[in-house]
Structures are given as C-alpha cells and as structure tokens.
2 protein chains.
Amino acid sequence: MKHRKKIVTNVTIKDVARAAGVSIATVSRILNGSAGVSEELAARVAAAVVELGYRPNDVARALKVRESRSIGLIIPDIENPFFPALVRGVEDAARQQGYAVILCNTDGKLEEEERYIRFLFSKQVDGILFTGGVDCDDSLGLLASLPIPVVALDRRAAAELSAVVCDNYQGGILAVEHLFEQGRKRIAFIGGPARSSSAIDRRRGFLDTHSRYGVVVNGRLMITGNYSFDSGYRAAVALMESREPFDAIFAANDMMAIGAIEALTEQGINIPDDVAVVGYDDIRMAGWYKPALTTVRQPVYEMGMAAVAMLLDQISGVRASACEEKFKPELIVRNSSGGREGHDGVSSI
Amino acid sequence: MKHRKKIVTNVTIKDVARAAGVSIATVSRILNGSAGVSEELAARVAAAVVELGYRPNDVARALKVRESRSIGLIIPDIENPFFPALVRGVEDAARQQGYAVILCNTDGKLEEEERYIRFLFSKQVDGILFTGGVDCDDSLGLLASLPIPVVALDRRAAAELSAVVCDNYQGGILAVEHLFEQGRKRIAFIGGPARSSSAIDRRRGFLDTHSRYGVVVNGRLMITGNYSFDSGYRAAVALMESREPFDAIFAANDMMAIGAIEALTEQGINIPDDVAVVGYDDIRMAGWYKPALTTVRQPVYEMGMAAVAMLLDQISGVRASACEEKFKPELIVRNSSGGREGHDGVSSI
DNA sequence: GTGAAAGCGCTAACAT
DNA sequence: ATGTTAGCGCTTTCAC
C-alpha cells in the first residue's frame, strides 16, 4: 500500500489559486480546459493541484451550472434476475460519459415510484431512466410533469415520453412459430400481468401466430401469471387440473417457465417429450437449468446502454422530441422445447 | 393519469417566500421543522409550497451544509449473482434514511476502483461502501487517505477501516464437517483467488477441520479457481484427470460448484452418489439447480443493511473508531451432498 | 418569532 | 491572457 497523505481539510479552488499565485478564475479555466491560458500558469496550477491533492467539488459546480451529471435509474427490483444486466448496461454507458447513476428499487409499487421520482428531482438529477411496475401510469404522469428528460425502459412509450423497448410482439411470434415447427399443436400460454405492456404484446404475438397458422386457440389453455416462479408453478398445476390436453407451454418469462417445469416434472411429465416449454428473457439461469430452457432473448445490456445514450441526447438537447427505439428479440433454442441444439454444455455460458 | 401542471421553471425558496409573504429564512425554518415558527406562517408557507409545486434543491443544501445525503457503493459486478441481494440490502437501508446510493461496478479492476473513489469524492458522497477486487490494497490505501467514512463489505478489515463480513472460516468448517458426517473421506477443494481474504479463510476452515478430524489432506485435491463457472468446470476436469480418488468436492462458491458438477455429470459421474458437492453463497440458482445445491449461506441482504447502518453511524459521528461486524454463515443442505433433506421443491423458493 | 445577510465552492460574464 | 465579481439555492448566525 502506497503511503498517502491523509487529507484533513477539503482543499478548494481558492487554495490552489493561492498556492499557484493566480486567481481562482485562472484555476477554473485550466481545470476546465478553456482556451487562452499560458503554458506557464497551467503548469504552476497543475503542480499546485497535485501538491495539495485538490479535487473539484462537484456539488458546487452542479449548483452553479445547473447540471449534476447524475441520472436516476428506477427499477422494480435488482434481485429480479432480469435487471442486473440492464443495470450494468446503464452503469457502463453512464460512467463512460462521466455520469453517476443513482439506483432506486420500487418493487413496482406506485407510492415508491413517486417517492423516488420526487427524491431524484430534489437531488437535481439530469435525467431519469424509468422501468415502472404494472400500474405505473400515475408515475408516468408525474414524470411528464417534471422538467427533466425521461426515458422509459422495457415499457411502451406512454404520453410524450421516449422509450427503449424490445419487440415483445415479435418475441411472441418467435416462440409460437418455433413450437409449431416442432410439431406442437396445443400450446398453453402463461402470460404476464394483464395490464403490463410487455405481457400484452407477447400475448398478441401468441394469438396472431395461431391465426396465421390457422390453429384455433383454446382459451382454457391461457392463464395469467405475474412473472414469478410461484405463479408459473401454480399455472402449470391449474393446466394439469383442467384436463385440457396440451403438448407445449409458452411462458411470458423464464421464471414462470421454470416454475411450470418444476410442477410438471413433479407429476412425472417429461420435458420436452411430453410438453415442450419456451420461456422469455434468457436470464442467466436459463442456460444452466435442467432441461436447458429454450427462450426468447432480449438484448438487455444493450438496451440499458441505448437508454442512456437516448437520455443524454435529450439532456444535451440534441434530441428534443420523444422517440422510441425498438430492439429485436432472438430465439434461443435449447433442450426444453426439443429443439435440435441438443445438450447445452459449458459452451453456452 | 391525473393531470398535472408541467413545471417549466424551477421554483426556489425565494418564490415560496414571496408567495407566502415571508422571508426565505422563515421558509427554510418551516421546511426543516426548526422550532419557533408561528402556526399561521407555517400554514401560509405550506400552502405556497403545494401551490407552486416547490421541491427543495438538494445540491444547494448539500453545498451549504457540506452533506450530500448520498453514499457510494463500489462492487465488482452487479451481474455476479452474489451482489444483487447485497445491493438491495444497501439500497433499502439507505432509502430508509433518506440517502441516495450511487452504484459503481469495477469488475474488480484496481484502476476502476481508484477512478470511482475519486469520482465519488468529487461528488461529495458522505461515505463509501467498498467491496474491492482481489488486489484492492491500493484502493484501500486511497480510501484511507480520504476524509470520508468507509466500510469494507465482504472483505476483511484492512488498515483502520471498518468492515462487515461473514465468518468465512466458520463457513469452511461447516461445509467440511457436513461432508465428513455424510461419510466422505476424500474431499477435494476448489478454492478462490489466492489473495482473496474470503478464499483464504474458507480454505483455512477446510484445512483445520481435516486436522481436527484427524484426516490428512491430499494436496493434489486442492485446486485454485477464480469464482467463475468456467474455473469450476476446469477444476473438476483437472481433478478427474489427476486420477486421485475423491468422493466429495467443497467449492468456495456456488458458481464453481455448478461448473464442477457440469463437468462431472458430463463424464457420467453421479452427484451425490459418486461425488458429493457443497458450494458457498447460496445464490438463488442453488435451490433450482439440479441437483439442488448444498451450500453455505451468507446473509447477504442483512450484511448490506448492516454496512449502511455502520457507515451512517460513522458519518454522524456516533461511532468514531473502526470496527468489524461478523455475521454467521449457515449450512443449507440440499441434494448435491446426499444430505437427508430429499427433494427440494417449490418450498425452498 | 421573524428578517437581513453572509457564505458554501464554483463558473462565467465582465473588466482590464 | 488574467483578475474581479456576481450569484447559483440554500442554511444559519446575528439583529431586532
């Protein structure tokens, strides 16, 4: 461990100016790379800076220039395996531009969302990245009322807000087409919360693909879950108890798919021989699970990065109007659907 | 969506004062709940606040009182399944006290750690929660040189820093005792990075328990990994190639345990009949994996909360000197070690 | 009980 | 090219 002087009192731009024998304006100019400063003074100031261990006070700067170089990131729950990659994408992009990201977990609760929105506003964040819960319309209204750029993540653009999403409709199509190609005809659907835009779009993809293939959907094979393991488990139990025959399940996320598989397996039903299962998201566990889960991948990390880029464009005024960036989902075929990829070993990690 | 007025210009304490017909000092007193303000003025100010939609500017307050009510949280990688629960614990505790948390991913790289430490210092965070990489001694030195409270997380307290840890030595003991109780005698060890304090302590628990049971350790059964799935996989391959007989593996984290099981299973080795496996951490996947993983759980969420409590104590000056809080690990018996818990279904979720 | 005023550390006119 | 100064929004003495 290198020895370092303990900094006791915060050293300010004033101290640097005194030490270098210049005015604070000159120090500020040099620090900010403004043009028109002599080599000599620049050197003297630079020396004083390292000598004193000076670091600019960002909150003073923020107060002066009305820009905190920080953004808020509101998500339901970092412990939900869908979010870490998203957060990492956001953080990487933000850091690259010198922005701090303040993380906010709301559990999708409206009151927490609004609490955090106000909190972030007080903190003077330059923008907010928002992934709300199912009933986030009120929050979106509050966001729209604030004079801060906002981009919605993984939620369809509402009102005049920008958004970064993945094409959930297309994802639903991908899943069902794959199942049809495997020769499955009676596909059960375990959906997400009724009002969630992602859930709605995936469901629409499911239904439309059936029409397009001329297959009639059995409504009793459609169940609504809430994206949790438990709801997937319960959905599969309900499916079995209904005694409606089915040879496949498309679950609107991986957690529910895994929950369903657990329930099915406990009853001696073989995956994929008896029932093929396709999930959604391609969370990390999907590749390790037995059977390895066929799923629809969203480029979550990239979406996080894109959202930051869009937000910063808005902050800097490059982009004024609301816009939507839509990513393409990708079908990842593994064992649970009986796809031909076969055993999914270490190579998939 | 409720209708809300779009706030165009930021309204300041001055506007509120004018609207309420009082001085800004009075507004400030009322907002901060200072004693000695008349009911009447308080009401008038409160009315003006809602009328104008006023929200205090935290960065001005921070500049004035030299306290930003934000803390930095430095971790290697939020995508590592160990960290989400930690981060959530930190965030929940921080929010409860009105603190914002700035998330920083370093990938355990020294340069990123130092970059972020300086960044956070400039941002005037009131304290830093630090989980460094393997070689974080330099970072710890830098941290110690700053006039900001710091608590190390999941790392043994170095220098004069406070720390929140889990008893890794005890965890190692738990794992090995369990394996001995299952009648296993030839236990392989897949350890973490040589200089990581957690890895060292778990290893020490492994070794000491052997001595205590009078079992001599076969050095060729001890392999060093880096906490990744791949390194666990490779370790198991090396173990098999060594042709040393072994009937159990204690891996210093769950990812390596799972990697090892994949490698073993591919060679037709049955878990737990041929080889019992115990992991460490109890990441979420451990309960879902097949076979469900016996592991040593750390109370990660609680550790995150405790770290915030300790940090805030230090910030407020309640606690001046460095201290260490050590949590107890817990053995979670599942199928991979042949423990008697039997099938681990939905109940474990 | 209330107000006037100083000043936190910085940037950006403006003046020289 | 460099210095002087006002002021960002707030809290907090200090007077009254």
Side-chain angles (χ1 to χ4, degrees), chain A residues 7 9-46 48-49 52-70 98 119 121-126 147-148, chain B residues 7 9-46 48-49 52-70 98 118 121-126 147-148:
Chain A
I7 299 168
T9 300
N10 281 345
V11 10
T12 75
I13 200 172
K14 233 168 170 171
D15 302 315
V16 176
R18 192 175 326 113
V22 300
S23 75
I24 60 169
T26 300
V27 177
S28 177
R29 285 192 192 98
I30 290 167
L31 260 30
N32 295 300
S34 310
V37 268
S38 72
E39 295 283 314
E40 194 213 327
L41 290 198
R44 257 163 50 202
V45 167
V49 164
L52 300 174
Y54 170 76
R55 292 247 83 204
N57 180 330
D58 245 22
V59 352
R61 200 198 61 94
L63 177 61
K64 176 66 188 174
V65 307
R66 305 178 139 65
E67 146 185 305
S68 64
R69 288 189 191 285
S70 62
F119 179 77
F121 180 56
S122 264
K123 275 255 173 305
Q124 308 290 112
V125 294
D126 297 334
I148 301 181
Chain B
I7 298 168
T9 299
N10 281 345
V11 11
T12 76
I13 199 171
K14 231 167 168 171
D15 303 315
V16 176
R18 192 176 323 113
V22 298
S23 75
I24 62 169
T26 300
V27 176
S28 176
R29 286 191 190 99
I30 290 168
L31 259 31
N32 295 300
S34 309
V37 268
S38 71
E39 295 283 312
E40 194 214 325
L41 290 198
R44 255 163 52 202
V45 167
V49 164
L52 301 175
Y54 170 74
R55 291 248 83 205
N57 180 329
D58 245 23
V59 352
R61 199 198 63 92
L63 177 60
K64 177 66 188 173
V65 307
R66 304 178 139 65
E67 144 185 306
S68 64
R69 288 190 192 284
S70 63
R118 290 183 218 280
F121 180 57
S122 265
K123 275 254 173 308
Q124 307 291 110
V125 296
D126 297 334
I148 301 181

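So you know, we letter chains A, B, ... as the sequences are listed, proteins then strands, and number each from 1. All values below come from the heavy atoms of this structure, side chains included, with hydrogens, waters and symmetry mates left out.
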Whole angstrom is fine here: how far is it from CG in B:Leu63 over to C1' in D:dC8? 9 Å

Just verifying a value: how many Å separate B:Arg55 CZ and A:Lys123 NZ, rounded to the nearest 0.5 Å? 11.0 Å

What integer distance in Å separates A:Phe121:CZ from D:dG9:P? 12 Å

Which residue lies more 5' along DNA chain D, comparing A:Arg29 with B:Ser28 via nearest heavy atoms: A:Arg29

B:Asp58 CG to D:dC8 P, in whole Å, measures 18 Å

Going 5' to 3' on DNA chain C, which nucleotide is the first and which the last to come under 4.0 Å of a heavy atom in chain B? C:dG1 to C:dG9

Can you tell me how far CZ of B:Arg69 sits from OG of A:Ser122, rounded to the nearest 0.5 angstrom? 11.5 Å

When you measure from the side chain of A:Arg18 to the backbone of A:Ile24, do you find a donor-acceptor pair of N or O atoms at a distance under 3.5 Å? no

Answer with base, sugar-phosphate or nothing: what part of the nucleic acid does A:Val59 contact at a heavy-atom distance below 4.0 Å? nothing

The side chain of A:Ile24 lies closest to which of these nucleotides: D:dA1, D:dC8, D:dT5? D:dT5

Taking for A:Val27 and for B:Ser23 the nucleotide of DNA chain C with the nearest heavy atom, the one nearer the 5' end belongs to B:Ser23

Once you round it to whole Å, what is the distance between P of D:dC10 and CD1 of B:Ile30? 14 Å

Using a 4.0 Å heavy-atom cut-off across all strands, classify B:Asn32 as base, sugar-phosphate, or nothing. sugar-phosphate

Can you see which heavy atom on A:Thr12 is nearest to which on A:Tyr54, and at what distance? C-CE1, 3.4 Å

To the nearest Å, how far apart are A:Lys64 NZ and D:dA6 P? 12 Å

Could you report the tightest heavy-atom contact between A:Ala20 and A:Ala48, atom names first, then the distance? CB-CB, 4.1 Å

Quick check: does any side chain N or O of A:Arg44 sit under 3.5 Å from a backbone N or O of A:Ala19, one acting as donor and the other as acceptor? no

Gap between atoms CZ and P, on A:Arg61 and D:dG7 respectively (whole Å): 21 Å

Over how many whole Å does the gap from A:Lys14 atom NZ to D:dG3 atom P extend? 15 Å

Heavy-atom closest pair (A:Phe119 atom, B:Gly98 atom, distance to 0.1 Å) is CE1-O, 3.6 Å

Check whether the side chain of A:Arg66 and the base of D:dG9 form a donor-acceptor pair under 3.5 Å. no

Think A:Thr26 has a side-chain N or O under 4.0 angstrom from the OP1 or OP2 of D:dA1? no

Between CD of A:Glu67 and C1' of D:dC8 the distance, given in whole Å, is 14 Å

If you find the nucleotide of DNA chain C closest to B:Ser38 and the one closest to A:Ser34, which residue's nucleotide is nearer the 5' end? B:Ser38

